[in-house]
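Data block below; observations after.
Whatever order the structure lists them in is the order used to number ligands and atoms, beginning at 1. Because only heavy atoms are used, hydrogens play no part in the values below, and waters and symmetry mates are left out as well, while side chains stay in. One is the number of the first residue; the rest follow in order along the sequence.
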Amino acid sequence: MRIGILGNGQMADALGGQWTRAGHEVLVGGRDPGRATDCAARIGAGAGTLLEASDFGEVTLLAVPATGVEETLLAVDAPAGRFAGRTLIDCTNALVPGEFTLAVPAMAERVAGLATGSQVVKAFNLAADSVWREAPHSFEGEPLGVPHCGDHAAANERVAVLIRDLGCTPIAAGGLARASLLEATAAFAIGAWVNGADVRSLFPPLAAAFGTVHPSISRS
Ligand SMILES: NC(=O)c1ccc[n+]([C@@H]2O[C@H](COP(=O)([O-])OP(=O)(O)OC[C@H]3O[C@@H](n4cnc5c(N)ncnc54)[C@H](OP(=O)(O)O)[C@@H]3O)[C@@H](O)[C@H]2O)c1
């Protein structure tokens, strides 16, 4: 796949590095040519401008801070349809620092509104760059599950391929209207982790998700 990345920070480095290793052709686009080149050199990708990364591939990863999303998409003329018909992955988390609430209640839908005609998929926002960088991970014998939300089947499938390339398991989590749930989940989990709570302890395993019936109790 040809993948353009908007941003040359931690997520560009972590995810872009995994995808170049998996054989994808990646172009890192940044505001500063030096920083984009440094990131690209670290991960074996090409470097360019934000505009060049926007036009590069069938998939674009939006990897800038939430506060820079609008500026970035306007700078590459996204409202004019630059991403029309192509997959735009939104991994952003619009967290209010220290409060772990959402500064923007539905960022992925906002991205879709700004990038006219794009096929936005929310993904990769639930784990830290260090987790993506060190993938594949297996926790308690299971690969990390990665939920993705988007309205377009082809875009969801492309993202599922990129998730599998990390050694993770894609979890189709519905359309873009559900992306805000992933954003809220990230805010909740990050708040819990920072306060020393393990969110894995909050949920029963699937087999017990709706309760278990004691073997001595007959259902009939
Ligand atoms: N890091 C994580 O663990 C993690 C995990 C999940 C999701 N996320 C989300 O992923 C996104 C990227 O995070 P990151 O950790 O990669 O951030 P980062 O390391 O701070 O890098 C941010 C990148 O965005 C660029 N940028 C900043 N403001 C911009 C603006 N106004 N216009 C255009 N580009 C701008 C920066 O460019 P310059 O170099 O020119 O400043 C830099 O390349 C964020 O939305 C974050 O919430 C991060």
*Considering distance alone, does some N or O of T92 sit under 3.5 Å from an N or O of ligand 1?*
no
*Within a radius of less than 6.0 Å around CZ of F188, do more than 12 heavy atoms belonging to other residues, nucleotides or ligands occur?*
no
*hydrophobic_cluster_shared for V199 and L95, side chain cutoff 4.5 Å*: yes
*Any idea which atoms of ligand 1 are less than 4.0 Å away from a heavy-atom of N125?*
6 (C)
*Between D32 and ligand 1, is there a nitrogen or oxygen pair with a distance under 3.5 Å?*
no
*Linking I/L/V/M/F/W/Y whenever their side-chain heavy atoms sit closer than 4.5 Å, directly or via other members, would L6 and L114 fall into one cluster?*
yes
_Out of D13, D129, V131, who is nearest to atom 3 (O) of ligand 1 when you count heavy atoms only?_
D129
*Counting from 1, what ligand 1 atoms have a heavy atom of A127 closer than 4.0 Å?*
5 (C), 6 (C)
*Applying the 4.5 Å side-chain criterion to the ILVMFWY set and letting contacts propagate, would L15 and V64 be lumped into a single cluster?*
no
*Report, in ascending order of atom number, the atoms of ligand 1 lying under 4.0 Å from any heavy atom of E71.*
31 (N)
_Check for me whether W132 has a heavy atom closer than 4.0 Å to any atom of ligand 1._
no
*asked:* Applying a heavy-atom cut-off of 4.0 Å, say which part of A14 lies close to ligand 1: side chain, backbone, both or neither.
replied: neither
*Are the side chain of T37 and the backbone of A47 linked by a donor-acceptor contact shorter than 3.5 Å?*
no
*Tell me which protein heavy atom sits closest to atom 11 (C) of ligand 1, plus the residue, atom name and distance to 0.1 Å.*
V64 O, 3.4 Å
_Heavy-atom nearest option to atom 23 (C) of ligand 1, drawn from G34, S130, A63_ = A63
_Please report whether ligand 1 has a polar contact with R35, defined as an N or O pair separated by less than 3.5 Å (distance criterion only)._
yes
_Please list the nearest protein heavy atom to atom 33 (C) of ligand 1 with its residue and the distance rounded to 0.1 Å._
T72 OG1, 3.0 Å
_Protein contact of atom 17 (O) of ligand 1 - nearest heavy atom, named by residue and atom, plus distance_ = Q10 N, 4.4 Å
*By number and element, which atoms of ligand 1 are closer than 4.0 Å to a non-hydrogen atom of G7?*
43 (O)
_Polar side-chain atom of N125 near backbone of N93 as donor-acceptor pair, under 3.5 Å_ = no
*Are the side chain of D32 and the backbone N or O of G34 linked by a donor-acceptor pair below 3.5 Å?*
yes
*asked:* Within the 4.0 Å heavy-atom shell around F124, which atoms of ligand 1 are there?
replied: 6 (C)
_In the complex you have, is atom 20 (O) of ligand 1 within reach of the protein, judged by whether a heavy-atom distance drops under 4.0 Å?_
no
*Taking the side chain from W19 and the backbone from L162, do they hold a donor-acceptor pair closer than 3.5 Å?*
yes
*Note: R164-E157 ion pair, threshold 4.0 Å (strictly below)*: yes
*Any donor-acceptor N/O pair, R42 side chain to G17 backbone, under 3.5 Å*: no
*Under 4.0 Å, heavy atoms only, figure out whether ligand 1 is touched by the backbone of M11, its side chain, both or neither.*
both
*asked:* Atom CG of residue position L206 - does it have more than 12 heavy atoms of other residues, nucleotides or ligands inside 6.0 Å?
replied: no
*Side chain, backbone, both or neither: which part of N8 comes within less than 4.0 Å of ligand 1 when only heavy atoms are counted?*
both
*Determine, step by step, whether T87 and R158 satisfy the side chain to side chain donor-acceptor pair (under 3.5 Å) criterion, reporting the C-alpha distance in whole Å, the side-chain angles of both residues, the deciding distance to 0.1 Å, and the verdict.*
CA-CA 8 Å; T87 303; R158 283 195 188 99; 3.1 Å; yes
_Contact atoms of ligand 1, heavy-atom distance to A66 under 4.0 Å_ = 45 (O)
_contact_flag C91 ligand 1 heavy-atom lt 4.0 Å_ = yes
*Polar contact flag for N93 and ligand 1 (N/O pairs, less than 3.5 Å)*: yes
*Is the number of heavy atoms from other residues, nucleotides or ligands within 6.0 Å of CZ (F203) greater than 12?*
no
*Touching ligand 1 at all, A36? Heavy atoms, strictly under 4.0 Å?*
no
*Where is the nearest protein heavy atom to atom 28 (N) of ligand 1: which residue, which atom, and how far?*
R31 NH2, 3.5 Å
*State yes or no: do L144 and I171 share one hydrophobic cluster built from I, L, V, M, F, W and Y residues joined by side-chain heavy-atom distances below 4.5 Å, directly or via other members?*
no
*Which bit of P65 gets closer than 4.0 Å to ligand 1, counting heavy atoms only: side chain, backbone, both or neither?*
both
